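The block underneath contains the structure these notes are about, expressed in structure tokens.
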Amino acid sequence: MTAEFSGQITLDGPSGTGKSSVARQVAQQLGAHYLDTGAMYRAATVAVLDAGVALDDKVAVARAVSAATIEVGTDARREKVKVDGVDVRQRIRGAEVTRAVSPVSAVPAVRRLLVARQRELVNGADAVVVEGRDIGTVVLPDATLKIYLTASPEVRAQRRAGQLGVTDPDKIAALAADLRRRDDYDSRRADSPLRPAEDAVVVDSTDLAQEETVAKVVALALDAVRTGQAS
Ligand SMILES: Nc1ncnc2c1ncn2[C@@H]1O[C@H](COP(=O)(O)OP(=O)(O)OP(=O)(O)O)[C@@H](O)[C@H]1O
Ligand SMILES: Nc1ccn([C@H]2C[C@H](O)[C@@H](COP(=O)(O)O)O2)c(=O)n1
């Protein structure tokens, strides 16, 4: 563990670029807290699905999210995601939630609720790594270091296949289509679309091993603290 870092690191980027894996490891190496904001939108989606409301009924969607108690932890070594006291760590990664999360997260009232919660969770932490889609642009615009993580669509689909143990080429093609569909939705929405912050450092991990990506972000973070700026 390196104890030299204090401040906020944001890690945004498209689906399957490795944000969660990299952010968690960077946080562990820097002794920082870690917040997975995608898990918060996924937990909100569980609440919406369980309320049985139509995904295009924005008022009902926001009401369902507001009525639920969503708990997401910030310990980089122990994942905690609960909805109304129920552990949903596995459920939020399933196909039902993954299909519904983009429309739920595009509802402005849902974003207002969760962004406020995200700021509450990280403010006060001496060191924190926060990953998502709008962290550098909206949630923490004054962060110490902003990273925008990318990788080619082919590599992202292969990584997701490896994560799920999928080898059938047709299924890998379906995973690639799902990544494209989600990125398209997340980048085209009106409220807080996926895009790099103007002052973000773009890290292309296409040809990097995960440990190399982590090492690069850790080096940038320590450099940002030393020089007082991100790049
Ligand atoms: N160079 C690399 N950098 C980051 N992750 C990598 C790398 N190589 C392989 N991976 C793997 O890619 C997979 C996808 O990573 P992860 O789930 O962290 O992505 P993500 O961007 O958080 O995805 P999503 O936005 O869909 O939640 C993981 O199994 C991770 O270990
Ligand atoms: N800051 C964030 C984080 C996530 N989302 C939305 C868009 C994603 O498709 C979905 C799931 O995120 P993942 O777990 O795949 O990182 O949540 C968002 O809009 N803003």
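When a ligand or atom number is given, it counts from 1 through the structure's own listing order. Hydrogens, waters and symmetry mates are skipped; everything else that's a heavy atom, side chains included, is used. Quantities reported herein were computed from a predicted structural model and do not represent experimental measurements.
- Contact detail for T10 and A143: the closest heavy-atom pair is CG2-CB, 3.5 Å.
- Nearest approach of V97 to R91, heavy atoms of both residues: CG2-O, 3.6 Å.
- Looking only at protein heavy atoms, the nearest one to atom 3 (C) of ligand 2 is T37 OG1, 3.4 Å.
- Residue R119 qualifies as enclosed at atom CZ: its count of foreign heavy atoms under 6.0 Å is above 12.
- Note on ligand 2: R111 sits in its first shell, one or more heavy atoms being nearer than 4.0 Å.
- Taking 4.0 Å as the cut-off between side-chain N and carboxylate O, R93 and D36 count as a salt-bridged pair.
- The closest approach between R189 and ligand 2 falls below 4.0 Å for a heavy atom of the residue.
- Ligand 1 is surrounded by P14, S15, G16, T17, G18, K19, S20, S21, V22, R133, R159, R160, Q163, R182, S205, L208, A209, Q210, T213, each with at least one heavy atom closer than 4.0 Å.
- With a 4.5 Å cut-off on side-chain heavy atoms, Q118 and V122 do not count as touching.
- Close to ligand 2: S102, with a non-hydrogen atom less than 4.0 angstrom away.
- Close to ligand 2: R93, with a non-hydrogen atom less than 4.0 angstrom away.
- Within a 6.0 Å sphere centred on CG of D168, heavy atoms belonging to other residues, nucleotides or ligands number more than 12.
- The shortest N or O to N or O distance between R133 and ligand 2 is below 3.5 Å.
- Proximity to I135 (heavy-atom distance under 4.0 Å) selects the following atoms of ligand 2: 1 (N).
- Short contacts between ligand 2 and D186, defined as distances under 4.0 Å to a heavy atom of the residue, involve ligand atoms 7 (C), 8 (C), 9 (O).
- The distance criterion of under 3.5 Å between nitrogen or oxygen atoms is met by R42 with respect to ligand 2.
- In terms of protein heavy-atom proximity, atom 6 (C) of ligand 2 is nearest to S105 OG, 3.5 Å.
- Defined by atom type and a distance below 3.5 Å, a donor-acceptor pair is missing between the side-chain atoms of R42 and S105.
- Of the N or O atoms in D134, one or more lie within a sub-3.5 Å distance of an N or O in ligand 2.
- In summary, R160 and D178 do not engage in a salt bridge, as defined by a charged side-chain N under 4.0 Å from a carboxylate O.
- If you look at D36 next to ligand 2, there are no close heavy atoms at all, none under 4.0 Å.
- Ionic pairing of R156 and D183 is present here: one or more N-O contacts between side-chain nitrogen and carboxylate oxygen are shorter than 4.0 angstrom.
- When all heavy atoms are compared, the tightest approach of D134 to S192 is OD2-CB, 3.7 Å.
- R181 and S15 share no side-chain donor-acceptor pair at under 3.5 Å.
- With sequence neighbours excluded, the residues forming a side chain to side chain contact (heavy atoms under 4.5 Å, CB included) with A51 are V53, A64, listed by chain and number.
- Residue-level proximity to ligand 2 for R182 is carried by the side chain, the only part with a heavy atom below 4.0 angstrom.
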